[in-house]
Every structure is written in C-alpha cells, then in structure tokens.
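Here the structure is laid out as structure tokens; the discussion comes afterwards.
No experiment lies behind these values; they were computed from the predicted model shown. Side chains are part of it too, since the values below use all heavy atoms of this structure and drop only hydrogens, waters and symmetry mates.
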Amino acid sequence: MKRVNGSAGPVPPVRAEQDVVTERRPRAVLVLGAVSGTVLVLALGGEAVAGHDAVAIVAPPWSRPAPGLPLGADALGRDVLARVLAGGRDLTLTSLAAALTASALGVAGGLWVGWSRGRLGRAAAGAADLLLALPLLLLALLAVVALPGPAAVVAGTVLGGTPLTLRVVADATAAARHAGYVEAALSRGERGGAVLLREVLPAHAGLVGADLGQRLVLAVQLAAALNVLGFGPAPPAPDWAAMLRENLQGLGLNAAATIAPAAALAILAGSVAALSHSLATRDGLS
C-alpha cells in the first residue's frame, strides 16, 4: 500500500494511469528514436546493400516483381529496389542540412527575441510573423529560380521554418525569464548571454529536439516537392521523389515502381514526425 496525503491507502486510479503513461513516454522516445535512426541510416547508406547498380538496365521496362527483382523494374528496366535503396541519400542529406540550419537560426533568434525587450526584438518577431503568412512552396519556387535545387531546399526551409521556431522558442524564453533558476543565476551576477546558454537553452532541450524533427519533416516535404517538379538530381541519378514522376505512368504495369519510393518518403517523414511528437509530449509541450 502507498501513502496518499499522509495516510495509507490505495493509489487513486487516475494517478496510477498517469504514472503508467509517464513510464511509457521515455520508452516510446527510445523506440521511435531507434526506428528513425535506422530509417536515416538506410536512407543515407542503402546503396551499399543494393544488389544491382541503380542505373543499370537489368530487365524489360515495367517488369513485375520476380526472383532477383523483388520490386520489379522501372520505366527503363532498372532495378526498383536498388534505386529505392540508393535514392534517399541526396534528399536526406539536403533535408538534414536544411533542418539544422533553420533550427539553429530559429533557436538563436528565439532566445534573443524572448530575452530582449527592445524594438529590434519586436521587429524581428514581426518579420517572423510576416514570413509565416507567405506560402512556403511559393518561397521555395522563387528560391529555386536563382539557386540550385539543394540550396533552394535549404533557403525554403529557412524562410518557412525558422520563423516558426523563432516564435516558439521566443515564447518559451520569455516565460523562462521569470523562472526561479534564471532569477537565481542573475542574482549571482551572471550576464544575460551566459544565462541563456547555461540555463535557458538546456532547459529548452526537449523543445529544440521536437522542433528540429518538425523542421526535418518540412525539409523532406519541400525537397520531395521540388524534386517531383524536376529541380532535383539530374537523370539517371536515383531519387525517391523523381521516381514518382518517372514511374507514375506505369502504375498499372508495375505498381511497386511508384509505391516503393512513396512508401520510403512516408516512412522517413512519418518516423521523424512521430519521434518529434513523442519528445514534445514527454516534455508537456503538446
């Protein structure tokens, strides 16, 4: 028997359920982290385990799955499985670079805006709100006119994702400004910058991790959209999004040529999004 309010008695059902949920959250984070990590490793290094050359013609076009060709052949007779295993590297690397850049800029800006009370901080918050009102795909299409595909993905993710990160981190920082641990650090004579780096930023670790996951999902979606439109790697380089465009017309002949890259994109984005949500839930952010 456990004590409740100083007396022996059974644990209330609601509290017991809350304890079970609390215990499950770290476990869910570990499981989803392992899944996301495995997916990222396969996306980055899948070419090493591909059975065929991803650009070699090995069968008649649109060949259905058969021994030696588990997913059949694509529009030109290339091994679909080999192209799926090799087709996620460039897209994933570009998305990771875009997400890290957008999150780093947003976190730095959010810490400054949330801590600052001056006009520049309010102006930065207003500019972030203005960027949030603009369509992300339009910003990306404008960027792709002047920049190569990967750079356009980074620019689009920064323009579309950094403002949201900035606003979220700024609100959290403004709330933390009056927290006891911050006031204690200030009373010891620590400067604002040191307090932000040593006290506030570590306290936002869960928030930053969850936000980074969301920025990665955004970057994957943006990279896929631009690659489908033809702004990605030049043929015959394998790419998940480009495979959708190349094989859509043969959906009735070999559906796996279209479904497999679509599933790869969905699994990558979905696993990262689930991990991000689990991190946010663990820290009481959603």
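- The only option from Leu226, Val153, Asn227 that meets the side chain to side chain contact (heavy atoms under 4.5 Å, CB included) definition with Leu91 turns out to be Asn227.
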Verdict with supporting geometry, Glu199 and Arg188, salt bridge (charged side-chain N to carboxylate O under 4.0 Å, His left out): CA-CA 13 Å; Glu199 306 291 343; Arg188 293 195 299 266; 3.7 Å; yes
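- In terms of the side chain to side chain contact (heavy atoms under 4.5 Å, CB included) criterion, residue partners of Ala75 (sequence neighbours excluded) are, by chain and number, Trp62, Asn247.
- In this structure, Leu120 places its CG atom where only 12 or fewer heavy-atom neighbours from other residues, nucleotides or ligands lie under 6.0 Å away.
- Exactly one residue among Thr157, Thr165, Thr162, Thr101 makes a side-chain hydrogen bond (donor to acceptor under 3.5 Å, both in side chains) with Arg215. That residue is Thr165.
- No path of Ile, Leu, Val, Met, Phe, Trp and Tyr side chains, each step under 4.5 Å between heavy atoms, connects Val35 with Leu30, placing them in separate hydrophobic clusters.
- Applying the side chain to side chain contact (heavy atoms under 4.5 Å, CB included) test between Leu139 and each of Leu134, Val158, Leu222 identifies Leu134 as the sole match.
- Here the options are Leu207, Val182, Val168, Leu196, the test is side chain to side chain contact (heavy atoms under 4.5 Å, CB included), and the partner is Thr173; only Leu196 passes.
- Residues Arg122 and Val113 are not in side-chain contact: their nearest non-hydrogen atoms beyond the backbone lie 4.5 Å or more apart.
- Residues that satisfy the side chain to side chain contact (heavy atoms under 4.5 Å, CB included) test with Leu81, not counting sequence neighbours, are Pro70, Leu71, Asp79, Leu85.
- Leu253 and Leu244 sit in two unconnected hydrophobic clusters of ILVMFWY residues. Membership requires side-chain heavy atoms under 4.5 Å apart, directly or through other members.
- A salt bridge links Glu246 with Arg78; the closest basic N to acidic carboxylate O contact falls under 4.0 Å.
- Within the structure, salt bridge (charged side-chain N to carboxylate O under 4.0 Å, His left out) contacts touching residues 123-133 (residues at least two apart or in different chains) are Asp129-Arg167.
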